[in-house]
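Values below: every heavy atom of this structure, side chains too, minus hydrogens, waters and symmetry copies. As the structure is a prediction and not an experimental result, all values here were calculated from the model. In what follows, chains carry the letters A, B, and so on, assigned in the order in which the sequence lines appear, proteins first and then strands, with residues in each chain numbered from 1.
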Amino acid sequence: MAGPGNGASASAQDSAAPLLSVRDLRVAFDTRRGRVVAVDGISFDLDEGETLGIVGESGCGKSVTALSVLRLAGRAAHILSGSIRLAGRDLLTVSDAEIQAVRGGEVGMVFQEPMTSLNPVFTVGEQIAEPLMRHRRLSRRAALDRAAELLDKVGIPTPRARLASYPHELSGGMRQRVMIAMALSCQPRLLIADEPTTALDVTVQAQILELLAGLQQEFGTAIMLITHDLGVVAEFARRAVVMYAGRIVEQAEVGALFERPLHPYTEGLLASIPPMEEDLDSLRTIEGTVPSPHAMPPGCRFAPRCAAVRPACRTIDPPLLALAPGHQAACIAHADYRLPAGSGQAHADTPA
Amino acid sequence: MWSYALKRLLSAVVIMWAVATLVFLAMRIIPADPAEVVLGDQASQEALAAFRARTGLDRPLLAQYLDFFAGVVHGDLGRSLITNAPIAEQIWAVFPYTLSLAFASLAVGTLIGVPLGVWTAVRRGGWIDFLGRIFALTGFSFPAFYLGIVLLLIFSVWLGWTPIIHSIRGGGWHEHLGKLVLPALSLGLIQAAYITRLTRSAMLEALGQDWVRTAYAKGLPDRVVYYKHVLRNIMIPVVTAMGLYTGTILGGAVLTETVFNRPGLGKLLVGAIAQRDYTLIQSGLMVFAFIILLVNLLVDLSYALFDPRVKYE
Ligand SMILES: Nc1ncnc2c1ncn2[C@@H]1O[C@H](COP(=O)(O)OP(=O)(O)OP(=O)(O)O)[C@@H](O)[C@H]1O
Ligand SMILES: [Mg+2]
């Protein structure tokens, strides 16, 4: 794939190395009630050009994970440990100038809230042109020309005229298209889409996801697709990561995940997908609520809600283990699950 | 937009009328006879009567009111009770001094206040923020004229950089500029304190917005995020406050001009009050009211420049 940053990452171009490699990432927030660990030791890879789905209920740490990749989790966030390698380079340790070159250049990001994610006082054209002028060193005029092309690509009618529009003149779906145009403007190698359709109505949701898939085909961009909707994952992702309470509980190819989920939480999520064209009332939901990050249960974090809970689950905090080729889960109830030696005791890792 | 401007203009006219009436009445309620004040205790009854006849003070109140009003409507500010010189000319003669002081102090206030507000906001909780807040608080509780005296003490008395008393009239523009520095600083630093506080709180609110995160996600450095994306968004509150502050600036100018012995609207008015020059006081206050109204109108109309979402009804 052509683009800036290729030189720096030439060694990572061989097919074996993943584009993005997150290892043992732990992110904490200082809150008034003390430190909470929002993301607690997660690891996953994302290959060049693939779509990885990240699913989980609200508050499980999806956004924090996504924002951490670009070091955008905010001033209150502390990265306690881990590495986030993009084509071999650890984004957590590079200089400010380097991370700025990555943001919008090599990695684009689309946020959940299209209504508030665009700056209200600048035109759409100016906002799309900005990363082009910064990363591609285009002149203002050339950047605006390119912005019009991008608006056309994301399916906005009369793109030339739209350059002069302000965000408040556009609908939510249109704004999200603008966000996508902006995120893809410099042809990033990775697009992080954090619940890009949650705030939109259903028909628009499908259009936006189709658009992303189409653009991915065209540009070869890898996509980290964050959603709480397994249906979206099934349709658009090749692999999926299931998160629960700051941990990854299962990770697999989408086919395997849907046919043979290995973690009871994934099973629960699958059971709560609305069957095609049926009314939403017949949904099954997982009993109970997500544990508070201030009071994580000892042992398996899902144990208090798990239908298949065993006594051991309340003391053993199971690590994520490969149970089949390319399929990992963190559940001791599974027949093939063997605790590695020296692990398995409940982490006493919620500092008071 | 135009109908909005027209509406605002009409309301401004009504306010001007109210101000004119108030000022007129206030001048008549004060228990001092202008004729006696002007001519002194020893003046003969004939002289007093002649004075009253010449200035129209012997006519019924309503007739005086209508006269004054007709004058204001025609832009005729009347003649000074004391010198009999046309007031409009006197005001025009000193207006540039006040205007330059107002603009210079506004420039000082903005150039210091806005960056300091941004800086203290992004360093919230740090020592820069601490010092900035002390500065803002001190500025709030520190009258501009007092700061003027302190500055005079430091720069004129101790350092001897500028003369304490100098003739302001005459001289080239650079000389004018030199004489503007201390008065503009004493008025501007107080404004800077105000603008710092305002910018800081507007900035803090804006920094939490989603579009700030988007700006960072594009790879923009802090500088661009703060001074382009955020500042543009907080222009409305900042400019509004500056507009509301015009009255205070003018009030400060009155004292600052007196402290620095500078000609200006304020000094003119203070002199008029000392001499009980009622007509001059009356017209001077009208000019003050007019300026404040005009600035606020301009501020309102400028909103659309800063925020495309603003629609005037
Ligand atoms: N700025 C912050 N300060 C304190 N806690 C935070 C902050 N941001 C996130 N958290 C905490 O981190 C945890 C994970 O939040 P995150 O936003 O990643 O969830 P999410 O999976 O994206 O949820 P959603 O589906 O609602 O977007 C939550 O418990 C949240 O309370
Ligand atoms: Mg989220």
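Using a 4.5 Å cut-off between heavy atoms, A/Leu67 touches chain B through its side chain atoms alone. No part of A/Met115 comes within reach of chain B, as not one of its non-hydrogen atoms sits under 4.5 angstrom from that chain. Proximity to chain B (any heavy atom under 4.5 Å) is shown, for A/Gln127, by both the backbone and the side chain. Contact annotation for B/Val212: neither backbone nor side-chain heavy atoms come within less than 4.5 Å of a heavy atom of chain A.
A distance of 10.0 Å separates CG in B/Asp210 from CG in A/Leu118, rounded to the nearest 0.5 Å. Rounding to the nearest 0.5 Å gives a distance of 11.0 Å between CG of A/Leu70 and CZ of B/Arg213. Note that CH2 of B/Trp211 is 8.5 Å distant from CZ of A/Phe122, once rounded to the nearest 0.5 Å.
The 12-atom threshold is not exceeded at CZ of B/Phe103, counting heavy atoms of other residues, nucleotides or ligands nearer than 6.0 Å. At most 12 non-hydrogen atoms from other residues, nucleotides or ligands lie less than 6.0 angstrom from CD of B/Glu205.
Checked by atom type and distance alone, the side chain of B/Lys218 never pairs as donor or acceptor with a backbone atom of A/Gln100 at under 3.5 Å. With hydrogens and angles disregarded, a donor-acceptor distance shorter than 3.5 Å links the side chain of B/Thr214 to the backbone of A/Ser117.
Summarising the geometry of A/Val121 relative to B/Phe306, their closest heavy-atom pair is CG1-O, 3.6 Å, with the distance given to 0.1 Å. Closest approach of A/Pro120 to B/Pro308, counting heavy atoms only: O-CG, 3.4 Å. When all heavy atoms of B/Gly219 and A/Arg134 are compared, the pair lying nearest together is O-CD, 3.4 Å.
Counting heavy-atom pairs under 4.5 Å between each of A/Met109, A/Glu169, A/Arg75 and chain B puts A/Arg75 at the top.
Residues A/Arg71 and B/Tyr216 have side chains not in contact (no heavy-atom distance under 4.5 Å, counting atoms from C-beta outward).
Under 3.5 Å, the side chains of A/Glu130 and B/His229 contain a donor-acceptor pair of N or O atoms.
Using a 4.5 Å cut-off between non-hydrogen atoms, the part of residues 143-166 of chain A that approaches chain B consists of A/Tyr166.
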